[in-house]
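Inspection log for the structure reproduced underneath, given as structure tokens.
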Amino acid sequence: MKRVLIVDDDENLRSIVRDVLNDEGFRTEEAPNGLRALAAFKRELPDVVLLDLNMPQMSGIETLQELRKINSRVPVIILTAYSDIPTVVDAMRGGAYDFTVKPPDFDRLIITLRRAVEKRDLELEVQRATAALELSLEQTFGRSAAVRNVINQINQVAQTDFAVIIQGETGAGKSLVANVIHNMSKRAEGPFVHVDIGLIPDTLVESELFGYRKGAFTGADRNKVGYFETASSGTIFIDELENMSAHVQSRLLSVIERKRVYPLGSTDPVAVDVRIIAATNKDIKQCVNSKEFREDLFYRLGEFVITVPPLRERRDDIPFFIHKFLLEACTELNKQIRGVSDDALALLREHSWPGNIRELKNVMRRAALAAHGDTITPDHIALMIKPEHPHAPAAPLLSLKEEMRMLEKQRIQEALVKTGGNKTKAAELLKISYTNICEKIKEYGIG
């Protein structure tokens, strides 16, 4: 039941309005003046207020002003006589939702109340959805001040059709940003096509992006739809933009300007309706200045540029991602690990993370695999965090079988070091047979 606060010094009018509204399914509360109305408003926030303009002690305009200071989202409908119309204009300028004259036309009043309640419900739903979205983005990207700017930019650009360039180091989360923008956009129901330019041979980039017709070149024994046509009505995400040749840059500029592609071997254009999001490991503006990238294409693709900061510039997010990735690893490996020791946490926080978030995820996954107890300790991560060259790429994600082999080799090496190379004692430490350890030593080439 929606709650209506009726504010009027006329007790008879309040009684009549109360009975009508109760019959229509509203729950009502009454106040004879502005001061009592403010107290009732604070005590139990109503969904809508019916407010008389002419009251003793505090006028309707003054009461409206105070109500809006408490909560400006609650709609206020003014009750007034015909002679007070100029004052009603002031009330509407002051934020009143609507007005009705006395004696009220109850059919019209009920319609106005229901519309006001619908407006209030819609605003609350938008507010809840916005709060849920903000929480979801924080749980995805982190909570540091450095990444807050990225979240704000995502919210700003997602609902538009702007072309976006996302720049940042390897492993910083550029692909994730692109996915989130697509999923929050008007094109979310359309395809999201990820194209990694760095993985396509130079001679094939053009045909992969724009497609080709049968007979266009040797080996073209059928028609092929290109990535742009596949992404029509959705988003195409071009990763490693900096690897695009000058010729393909020129073709891409033409596609953006004409909104159509010419498959290789065809003179018939194919209309495409796509949003372009591109990513690069370099500062794209510097690439333009050094003539590595076309300036006119930059202005087409870079209608909006987002820079994702590296993990070393957002160290406040490291504990958040440690917890997130440890939970994911425990779920994958069916392990119960309570957390990370203080020493291990300090080691993780001090690391420069050249591979960024991707590297941290790999380290936590391997640490969870190595842990036998309920806590990650420095021993579980020390072998994976070594001195690195600045901006070195993150280690590739290994399969569980590969992870197990790597861990087994490390454990045998550690046992041999502790026992001074004595295989019998090392086997006892590892609780395996002498024959087994000899086989493993040979298998892994342990000297």
Side-chain angles (χ1 to χ4, degrees), residues 1-135 152 155-156 159 186:
M1 296 177 67
K2 298 301 181 181
R3 298 159 296 177
V4 181
L5 174 59
I6 306 168
V7 187
D8 199 303
D9 60 332
D10 185 336
E11 185 176 356
N12 289 332
L13 180 63
R14 292 202 313 271
S15 177
I16 294 170
V17 173
R18 178 195 64 215
D19 291 343
V20 172
L21 295 189
N22 288 345
D23 287 344
E24 291 292 330
F26 292 95
R27 195 176 79 192
T28 57
E29 187 167 354
E30 302 172 40
N33 55 58
L35 292 175
R36 294 275 292 276
L38 294 177
F41 192 86
K42 292 177 183 177
R43 183 175 62 251
E44 185 177 354
L45 192 68
D47 295 292
V48 62
V49 177
L50 275 177
L51 177 64
D52 185 24
L53 276 183
N54 294 314
M55 295 183 296
Q57 298 181 316
M58 180 183 286
S59 71
I61 293 293
E62 293 171 327
T63 303
L64 173 65
Q65 292 170 347
E66 294 303 314
L67 290 174
R68 288 186 60 78
K69 288 179 184 178
I70 299 170
N71 191 318
S72 62
R73 293 188 179 277
V74 177
V76 177
I77 298 171
I78 300 298
L79 287 168
T80 184
Y82 277 109
S83 58
D84 292 326
I85 293 300
T87 311
V88 170
V89 174
D90 291 337
M92 298 295 288
R93 288 174 179 166
Y97 172 75
D98 205 342
F99 74 96
T100 186
V101 296
K102 296 180 181 179
D105 176 340
F106 284 108
D107 288 338
R108 181 181 181 278
L109 177 60
I110 296 301
I111 292 172
T112 303
L113 281 170
R114 286 181 173 151
R115 285 177 177 169
V117 167
E118 288 174 1
K119 176 178 180 291
R120 160 85 168 158
D121 287 346
L122 179 60
E123 289 177 348
L124 287 174
E125 185 60 33
V126 170
Q127 188 178 14
R128 283 192 291 267
T130 301
L133 176 60
E134 287 296 309
L135 179 60
N152 290 340
N155 283 326
Q156 187 179 355
Q159 285 291 312
K186 297 174 289 187

(request) For L64 and A91, work out which heavy atoms get closest and say how close. (result) CD2-O, 3.5 Å

(request) Determine whether T112 and Y97 make a side-chain contact, defined as any pair of heavy atoms from C-beta on separated by less than 4.5 Å. (result) yes

(message) Let me confirm one number: the OG1-CG distance from T80 to L51, rounded to the nearest 0.5 Å.
(response) 10.0 Å

(message) Checking side-chain polar atoms at under 3.5 Å, does R18 have a donor or acceptor matched by the opposite partner on S15?
(response) yes

(request) Flag the pair F106 / V17 as yes when at least one side-chain heavy-atom distance between them is below 4.5 Å, and no otherwise. (result) yes

(request) Kindly indicate whether the side chain of L67, heavy atoms from C-beta on, has any atom under 4.5 Å from the side chain of V74. (result) no

(request) Identify whether the distance between the nearest side-chain nitrogen and carboxylate oxygen of R115 and E118 falls below 4.0 Å. (result) no

(request) Could you walk me through whether L50 and L21 pass side chain to side chain contact (heavy atoms under 4.5 Å, CB included), step by step? (result) CA-CA 11 Å; L50 275 177; L21 295 189; 4.2 Å; yes

(message) Quick check for you: to the nearest 0.5 Å, what is the distance between L113 atom CG and E24 atom CD?
(response) 10.0 Å

(message) Filter on side-chain hydrogen bond (donor to acceptor under 3.5 Å, both in side chains), then keep only pairs touching residues 33-44, sequence neighbours left out; what's left?
(response) R27-E44, E29-R43, N33-Q57

(request) Look up atom CD in E62 and atom CG in L35, then write down how far apart they are to the nearest 0.5 Å. (result) 9.5 Å

(message) So which atom in E123 and which in R73 form the shortest heavy-atom distance, rounded to 0.1 Å?
(response) OE1-O, 3.6 Å

(message) Counting C-beta onward and ignoring hydrogens, is there a side-chain heavy-atom pair between D52 and V7 closer than 4.5 Å?
(response) no

(message) Is the shortest side-chain heavy-atom distance between V4 and D47 below 4.5 Å?
(response) no

(message) Would N22 and T28 count as a side-chain hydrogen bond (donor to acceptor under 3.5 Å, both in side chains) here? Give the steps.
(response) CA-CA 7 Å; N22 288 345; T28 57; 3.2 Å; yes

(message) Can you confirm whether R108 sits close enough to D98 that some side-chain heavy atom of one is under 4.5 Å from a side-chain heavy atom of the other?
(response) yes

(request) Could you pull out all residues at least two apart from E11 that satisfy side-chain contact (heavy atoms from CB on, under 4.5 Å)? (result) R14

(message) As an exercise, state the distance from CZ of F26 to CZ of R114, rounded to the nearest 0.5 Å.
(response) 5.0 Å

(message) Minimum heavy-atom separation for A37 and L5, please, with both atom names.
(response) O-CD2, 3.7 Å

(request) May I ask you to test the I16-P104 pair for a side-chain heavy-atom distance under 4.5 Å? (result) no

(request) Considering only NZ, NE, NH1 and NH2 on the basic side and carboxylate oxygens on the acidic side, decide whether K102 and D8 come within less than 4.0 Å. (result) yes

(request) State, to 0.1 Å, how close L38 and I70 come at their nearest heavy-atom pair, and which atoms those are. (result) CD2-CD1, 4.2 Å

(message) If I compare all heavy atoms of T100 with all of D105, which pair ends up nearest, and what's the gap?
(response) OG1-N, 4.5 Å

